[in-house]
Amino acid sequence: MSTTMDALKPLIAVCQMTSTSDKEKNFTICSGLIQEAASRKASMVFLPEAFDYIGGSTEETLSLAETLKGDTIQRYMSLARRCSVWLSLGGFHEKGPNWETDRRIFNSHVVLDNTGHIVSIYRKTHLFDVDLHSGVSLKESKFTIPGPDLIPPINTPAGKVGLGVCYDLRFPEMALALIQEGAELLTYPSAFTVTTGIAHWEVLLRARAIENQCYVVAAAQTGSHNQKRSSYGHAMVVDPWGSVIAQCQDGIGLCYAEINLPFLSRVRRDMPVQSHRRNDLYGKVAMNTND
């Protein structure tokens, strides 16, 4: 009976952390959170964008980048296998294909299964280039390659998961494209600035959940990473009705949520938004995978 219930309402764990340029310290923190979540029988653990590190400068950020075959991902593969848990590695600094000549990277969302194998890689498509009135100026495109395509949702123990990263949250067309491919959860591992987080974080997460009638999972960076950069935090899970069902408090930690797939089905059945769309009036959003 419990096995059946676990399948219908899988438990997930969502991490909140404060990455620095110390990769070893970051791994120690993440490893502890993952092991704690595994001990609570979470089927999948979600880490935030830049779980591997946050550099204090462009030069430092690039100097710490690795390939998918590097030590960092290999260690997480081993950890997933040892803990028998799926991992959403929300934003890995991956060396690009022409690294030796252009020194540019991808912001890569890597998913590992509970045997430690990579099952999906989504490379962030919308890059964060902003100048805010608060004085925050970030130009992700200065050193990051925009991902070439969206990735079809993947089957996981928590349901069918659509992958995004941070700034992707602001593009409802992307969410809709993933939902139309069958996503039951949308995940936005993030490192939101304090300014944009206060104003928009929860509102955007709840909006994506309500309009797509899905779970939204958002692991988050929090606090001060260095003298130049701080993140908002408030990692959370939103259900298909738009209710916040789990949220981290201040500092490093975890929040947990049951993914109630029968509830998701009921919400979609009772208010069949997808079948009410007037694609004849405003067109249909479709996924282009550039295959």
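These numbers come from a predicted model, not from an experiment.
Between Glu59 and Arg103, none of the side-chain N atoms (NZ, or NE/NH1/NH2) sits under 4.0 Å from a carboxylate O, so this pair counts as no salt bridge.
Without hydrogens or angle criteria, Tyr122 side chain to Thr125 main chain gives a donor-acceptor distance under 3.5 Å. Remark: side-chain polar atoms of Thr196 are not paired, donor with acceptor, to backbone N or O of Phe192 under 3.5 angstrom. One N or O on the side chain of Gln213 and one on the backbone of Met271 form a donor-acceptor pair closer than 3.5 Å. Judged by distance alone, with hydrogens and angles left aside, the side-chain atoms of Asn98 form no donor-acceptor pair with the main-chain N or O of Asp102 at under 3.5 Å. No donor-acceptor distance shorter than 3.5 angstrom exists from the side chain of Glu181 to the backbone of Met287, with no hydrogens or angles considered.
Within the 4.5 Å cutoff, the side chain of Val111 has no heavy atoms near those of the Leu89 side chain. Ile259 has its side chain within reach of Ile12: a pair of non-hydrogen atoms, C-beta onward, lies under 4.5 Å apart. You'll find the side chain of Val45 stays beyond 4.5 Å of the side chain of Leu33, heavy atoms only. Contact of the Leu261 side chain with the Lys9 side chain is not registered, since no non-hydrogen atoms from C-beta on lie closer than 4.5 Å. A heavy-atom distance below 4.5 Å is not found between the side chains of Pro189 and Gln221. Inter-residue side-chain proximity for Glu66 and Lys23 is flagged as met; some heavy-atom pair is nearer than 4.5 Å. Contact annotation: the side chain of Ile34 never approaches that of Arg82 to less than 4.5 Å [non-hydrogen atoms, C-beta and beyond]. By the 4.5 Å heavy-atom criterion applied to side chains, Leu205 and Val203 are not counted as neighbours.
Side chains of Glu94 and Thr67: a donor-acceptor N/O pair is absent below 3.5 angstrom, by distance only. For the residue pair Asp113 / Thr115, a side-chain donor-acceptor distance below 3.5 Å is found, with atom types taken as modelled. No hydrogens or angles considered: nothing links the side chains of Thr28 and Ser31 as a donor-acceptor pair under 3.5 Å. Side chains of His109 and Ser88: a donor-acceptor N/O pair is present below 3.5 angstrom, by distance only.
Judged by the 6.0 Å and 45° rule, Arg208 forms no cation-pi pair with Tyr188. In this structure, Arg123 forms a cation-pi arrangement with Phe106, its terminal cationic atom sitting closer than 6.0 Å to the ring centre and no more than 45° off the ring axis.
Atom CH2 of Trp99 and atom CD1 of Ile105 lie 7.0 Å apart (nearest 0.5 Å).
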Run the side-chain donor-acceptor check on residues 47-58: report pairs under 3.5 Å with partners two or more places apart or on a different chain.
| unit_1 | atom_1 | unit_2 | atom_2 | d |
| --- | --- | --- | --- | --- |
| Glu49 | OE1 | Ala191 | N | 3.1 |
| Glu49 | OE2 | Asn107 | ND2 | 2.7 |
| Glu49 | OE2 | Lys124 | NZ | 3.3 |
| Asp52 | OD1 | His93 | ND1 | 2.9 |
| Asp52 | OD2 | His93 | N | 3.0 |
| Asp52 | OD2 | His93 | ND1 | 3.1 |
| Tyr53 | OH | Thr61 | O | 2.6 |
| Tyr53 | OH | Ala65 | N | 3.1 |
| Ser57 | OG | Glu60 | N | 3.1 |

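The number of heavy atoms from other shown groups lying within 6.0 Å of CG (Asn279) is above 12.
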Assess the residue pair Glu202 and Arg206 against the criterion (salt bridge (Lys or Arg N to Asp or Glu O under 4.0 Å)); give the C-alpha distance rounded to whole Å, side-chain angles, the decisive distance to 0.1 Å, and a yes or no. CA-CA 6 Å; Glu202 182 175 328; Arg206 294 182 70 189; 3.6 Å; yes

Check the pair Arg170 / His200 against side chain to side chain donor-acceptor pair (under 3.5 Å), numbers first and verdict last. CA-CA 9 Å; Arg170 294 183 181 272; His200 302 149; 2.9 Å; yes

Applying side chain to side chain donor-acceptor pair (under 3.5 Å) to Thr18 and His225, what does each step give before you reach the verdict? CA-CA 6 Å; Thr18 307; His225 308 288; 5.5 Å; no

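By the ring pair (Phe, Tyr, Trp, His ring centres under 6.0 Å) test, Phe171 pairs with His126, Tyr167, sequence neighbours left out.
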